[in-house]
**Student:** 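Attaching a single structure in structure tokens format; questions to follow.
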Amino acid sequence: MNETVQKLTAFDLARPASNQLAHGFLQWCVVAPDLESRCAELERVYGPAGFWILENAPVFEATYGGEPIDLHVNIALGYIGDINIEVIQPRPEGDPDLYTEFLDGHPEGGLHHLGFQVHDFEAAAADLAARFGPAVQAAKFSPGGSRYTYFDSRPVIGVYTEILWLDAEMTAAMADLRAGNPPVTS
């Protein structure tokens with residue numbers, strides 16, 4: 001083992017992380033104009049074992065730029081190992097949102113955000129707001145309170161940063177998906 005690796009192992013890797021996001025990298029997300037073709041392309045290139053498709057996915061209490069919006073999206077979720085891949089396609093009946101704004105500037109779609117699962121949502125949101133300014137878009141996506149918020153980290157990493165808090169039902173659904181058993185939706 002070289003000296004740098006020994007120093008990192010002994011020093012950096014053994015200390016607790018002070019950043020709210022350090023232990024929760026969950027996903028990378030692509031926004032696309034055509035969900036099905038993008039999912040097929042991602043399966044071909046990266047090999048997730050299928051996607052859980054949510055047409056007109058449930059979204060509650062959505063805000064964009066701090067204002068309430070009527071958000072309508074199709075979402076696909078899959079896994080490569082422990083990393084979740086999300087594909088989002090905005091639907092035309094929804095209000096303008098972060099995804100339609102993205103497609104206005106990138107009609108072919110592309111990498112939109114990195115998602116971090118956090119345990120203390122409020123602390124993580126306060127930390128990111130101090131670093132990047134107010135939340136750009138936020139919503140709940142399950143009756144049990146699962147939620148997300150985006151912050152504009154594009155000047156630093158080129159994409160948005162998302163934090164997610166998952167309730168027990170959503171955590172179980174994601175675990176099933178990661179195990180190769182997409183949840184059944186009615």
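Treat the numbers as computed from the prediction; the structure is a model and nothing was measured. Residues take their numbers from the sequence shown, with the count starting at 1.
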**Student:** In Å, rounded to the nearest 0.5 Å, how long is the span from CZ of R91 to CG of L35?
**Tutor:** 10.5 Å
**Student:** Tell me whether N74 contacts the main-chain N or O of N56 through its side chain, where contact means a donor paired with an acceptor under 3.5 Å.
**Tutor:** yes
**Student:** Closest heavy-atom contact between F51 and C39?
**Tutor:** CE1-O, 3.6 Å
**Student:** Does the side chain of F141 reach to within under 4.5 Å of the side chain of L164, using non-hydrogen atoms?
**Tutor:** yes
**Student:** Do W165 and H119 have side-chain heavy atoms sitting under 4.5 Å apart?
**Tutor:** no
**Student:** Just so I know, are the side chains of F151 and I163 near enough to count as touching, which here means a heavy-atom distance under 4.5 Å?
**Tutor:** yes
**Student:** At their closest point, which heavy atom of Y148 faces which heavy atom of L71, and how far apart are they?
**Tutor:** OH-CD2, 3.4 Å
**Student:** Holding to salt bridge (charged side-chain N to carboxylate O under 4.0 Å, His left out), I want the full list of residues that pass it with E55, two or more places apart in sequence or in another chain.
**Tutor:** none
**Student:** Which value, rounded to the nearest 0.5 Å, describes the distance between D34 atom CG and E41 atom CD?
**Tutor:** 10.5 Å
**Student:** Angle class for the Y46/W28 ring planes (parallel below 30°, perpendicular above 60°, tilted otherwise)?
**Tutor:** perpendicular
**Student:** In sequence, state the C-alpha distance, the side-chain angles, and the governing distance for R147 and E122, and then conclude on salt bridge (Lys or Arg N to Asp or Glu O under 4.0 Å).
**Tutor:** CA-CA 11 Å; R147 58 188 166 157; E122 285 73 21; 2.7 Å; yes
**Student:** Which distance, rounded to the nearest 0.5 Å, do you find between the CD of Q137 and the CD1 of I69?
**Tutor:** 4.5 Å
**Student:** Do L77 and I85 have side-chain heavy atoms sitting under 4.5 Å apart?
**Tutor:** no
**Student:** Can you find a heavy atom in the side chain of H112 that is under 4.5 Å from one in the side chain of L98?
**Tutor:** yes
**Student:** Begin with the C-alpha distance, continue with both residues' side-chain angles, and end with the deciding distance and a verdict on salt bridge (Lys or Arg N to Asp or Glu O under 4.0 Å) for R131 and D127.
**Tutor:** CA-CA 6 Å; R131 295 170 194 267; D127 182 53; 3.1 Å; yes
**Student:** Are any non-hydrogen side-chain atoms of Y160 and C29 less than 4.5 angstrom apart?
**Tutor:** no
**Student:** State whether a side-chain donor-acceptor pair under 3.5 Å links H113 with E86.
**Tutor:** yes
**Student:** Tell me if a side-chain donor or acceptor on S146 pairs with a main-chain N or O of S142 at a distance below 3.5 Å.
**Tutor:** no
**Student:** Is the backbone N or O of V159 less than 3.5 Å from a side-chain atom of S153, with the two atoms forming a donor-acceptor pair by type?
**Tutor:** yes
**Student:** Contact between R154 and F132 at the side-chain level, heavy atoms closer than 4.5 Å - yes or no?
**Tutor:** no
**Student:** What's the separation between atom NZ in K140 and atom OG1 in T149, rounded to the nearest 0.5 Å?
**Tutor:** 10.5 Å
**Student:** Would Q27 and L114 count as a side chain to side chain contact (heavy atoms under 4.5 Å, CB included) here? Give the steps.
**Tutor:** CA-CA 6 Å; Q27 75 177 197; L114 301 179; over 6 Å; no
**Student:** For G145 and D167, work out which heavy atoms get closest and say how close.
**Tutor:** N-OD2, 3.6 Å
**Student:** Looking only at heavy atoms, what is the nearest atom pair of Y99 and P90, with distance?
**Tutor:** CB-CG, 4.0 Å
**Student:** V59 versus H72: any side-chain heavy-atom pair under 4.5 Å?
**Tutor:** no
**Student:** Looking only at heavy atoms, what is the nearest atom pair of F60 and P58, with distance?
**Tutor:** CZ-CB, 3.9 Å
**Student:** Using only heavy-atom distances, determine whether the side chains of E101 and Y64 contain a donor-acceptor pair under 3.5 Å.
**Tutor:** yes
**Student:** Give, for atom CG of N84 and atom CG of L177, the distance between the pair rounded to the nearest 0.5 Å.
**Tutor:** 7.0 Å
**Student:** For residues P33 and P107, report the shortest heavy-atom separation together with the two atoms involved.
**Tutor:** CG-O, 3.4 Å
**Student:** Report the distance from atom CG of L166 to atom OG1 of T171, rounding to the nearest 0.5 Å.
**Tutor:** 4.5 Å
